[in-house]
Amino acid sequence: MMKAKAVLGKDLMLSVEAKVLALATSCKLGLSAETIDTQSKDSGIWTEKDIKKLSWNASSENVFSADADANSYDKLFALMIAHKPVTLKFGVVSNSDENEMPEGGWTLGAGSYTGKAVITSLEANAPDGDKATLSISFEGTGPLKKETAPAN
């Protein structure tokens, strides 16, 4: 059995509407379950649970960018006030370069997690004497799916 290969955080990215978020310093994807109690007199002293509903969320912390082409605050602001779900993808980049961002931008590889989500929070922070940042949070609406790799 081969040793599992670690994925570095720099190679995991979050994209919104098919474009990776600009200048991310971290991103997260979370999945949670709402449970119901299924305990009966036959259960003994241990509780028993079933999953009632699944939900998911994502978030990203980024350095603020004013570039018009970047998927940054202005574009995210417009998406949030549009009140419509956006397509999110979370996965490993397929064109990683340890030296710099590729000229055409980052591309997420096959096997990314994808789903529709609503933007629930968008926050800009401009501390004196430090870099401006933005934080964004999403809540999934509908299923989160793992894309399958294309057949060769």
Side-chain angles (χ1 to χ4, degrees), residues 3-38 49-152:
K3 181 179 175 183
K5 182 180 176 191
V7 174
L8 298 176
K10 72 176 187 68
D11 292 331
L12 271 170
M13 304 253 182
L14 181 64
S15 77
V16 177
E17 298 298 335
K19 190 168 184 179
V20 170
L21 292 174
L23 303 174
T25 57
S26 72
C27 56
K28 294 180 186 177
L29 178 67
L31 185 64
S32 60
E34 180 182 336
T35 61
I36 57 173
D37 188 357
T38 58
K49 302 280 184 181
D50 272 341
I51 292 176
K52 179 179 176 181
K53 297 216 181 240
L54 295 173
S55 62
W56 63 277
N57 61 65
S59 63
S60 185
E61 300 291 326
N62 306 65
V63 175
F64 195 97
S65 172
D67 293 350
D69 292 339
N71 205 1
S72 58
Y73 192 86
D74 287 345
K75 289 187 179 177
L76 298 170
F77 175 86
L79 290 170
M80 185 172 186
I81 64 170
H83 292 255
K84 295 191 181 199
V86 296
T87 301
L88 283 188
K89 287 189 177 189
F90 180 86
V92 177
V93 293
S94 60
N95 60 343
S96 68
D97 183 335
E98 64 184 53
N99 297 314
E100 61 187 14
M101 183 177 86
E103 190 172 319
W106 301 110
T107 305
L108 295 185
S112 295
Y113 295 92
T114 186
K116 292 283 191 179
V118 292
I119 300 171
T120 57
S121 172
L122 178 62
E123 184 176 282
N125 184 19
D128 184 30
D130 205 352
K131 290 182 179 176
T133 61
L134 73 90
S135 301
I136 187 163
S137 297
F138 305 87
E139 286 189 25
T141 178
L144 179 68
K145 297 179 181 176
K146 184 161 176 69
E147 294 179 333
T148 57
N152 290 341

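In this chain, residues are counted from 1 in sequence order. Heavy atoms only: backbone and side chains are in, while hydrogens, waters and symmetry mates are out.
A pairwise comparison of heavy atoms in Leu108 and Gly91 identifies CD2-O, 3.5 Å as the closest pair. Of all non-hydrogen atoms in Met80 and Leu122, the two that sit nearest each other are SD-CB, 3.8 Å. Ile119 and Leu76 make their closest contact through CD1-O, 3.8 Å (heavy atoms, listed as atom of the first residue, atom of the second, distance). Minimum heavy-atom separation, Ala24 to Ser60: CB-OG, 4.1 Å. When all heavy atoms of Ala70 and Ala22 are compared, the closest pair comes out as CB-CB, 3.7 Å.
Using a 4.5 Å heavy-atom cutoff, the side chains of Ser65 and Tyr73 are not in contact. Residues Val63 and Leu134 are not in side-chain contact: their nearest non-hydrogen atoms beyond the backbone lie 4.5 Å or more apart. Side-chain contact between Asp50 and Thr35 is absent, with no heavy atoms from C-beta onward closer than 4.5 Å. Looking at heavy atoms from C-beta onward, Thr25 lies out of side-chain contact with Asn62 at the 4.5 angstrom threshold. Put simply, the side chain of Lys19 reaches to within 4.5 Å of the side chain of Lys75, judged on heavy atoms.
Summarising the local packing, NZ of Lys146 is surrounded by more than 12 heavy atoms from other residues, nucleotides or ligands at distances under 6.0 Å. Annotation: Lys49, atom NZ; neighbour count of heavy atoms from other residues, nucleotides and ligands within 6.0 Å is above 12. Enclosure of atom CD1 in Ile51 is not indicated, since only 12 or fewer non-hydrogen atoms of other residues, nucleotides or ligands lie within 6.0 angstrom.
The pair Glu147-Lys89 counts as a salt bridge, with a side-chain nitrogen and a carboxylate oxygen less than 4.0 angstrom apart.
Of the candidates Ile36, Thr38, Asp37, Lys52 forms a side chain to side chain contact (heavy atoms under 4.5 Å, CB included) with just one, namely Ile36. Put simply, the residue from Leu88, Val20, Leu21 that forms a side chain to side chain contact (heavy atoms under 4.5 Å, CB included) with Ser15 is Val20.
Using modelled atom types, one side-chain atom of Trp56 and one backbone atom of Gly142 make a donor-acceptor pair closer than 3.5 Å. Not one N or O on the side chain of Asn57 forms a donor-acceptor pair closer than 3.5 Å with the backbone of Phe138. In this structure a side-chain-to-backbone donor-acceptor pair under 3.5 Å is missing from Thr133 to Phe64. Distance alone, capped at 3.5 Å, places no donor-acceptor pair between the Thr141 side chain and the Ala117 backbone.
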Self-check item: Audit row: Leu29, Leu144, side-chain contact (heavy atoms from CB on, under 4.5 Å) steps and yes/no
Solution: CA-CA 10 Å; Leu29 178 67; Leu144 179 68; 4.1 Å; yes
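A distance of 6.0 Å separates OG in Ser121 from CD in Glu123, rounded to the nearest 0.5 Å. Summarising the geometry, atom CG belonging to Leu12 is positioned 9.0 Å from atom OG belonging to Ser112; distances are rounded to the nearest 0.5 Å.
Residues Glu61 and Ser135 have side chains that bring a donor and an acceptor to within less than 3.5 angstrom of each other. Between Thr87 and Lys116, the side chains place a donor N or O and an acceptor N or O closer than 3.5 Å (distance only, hydrogens not considered). Side-chain atoms of Ser137 and Thr120 form no donor-acceptor pair, as typed in the model, at a separation below 3.5 Å.
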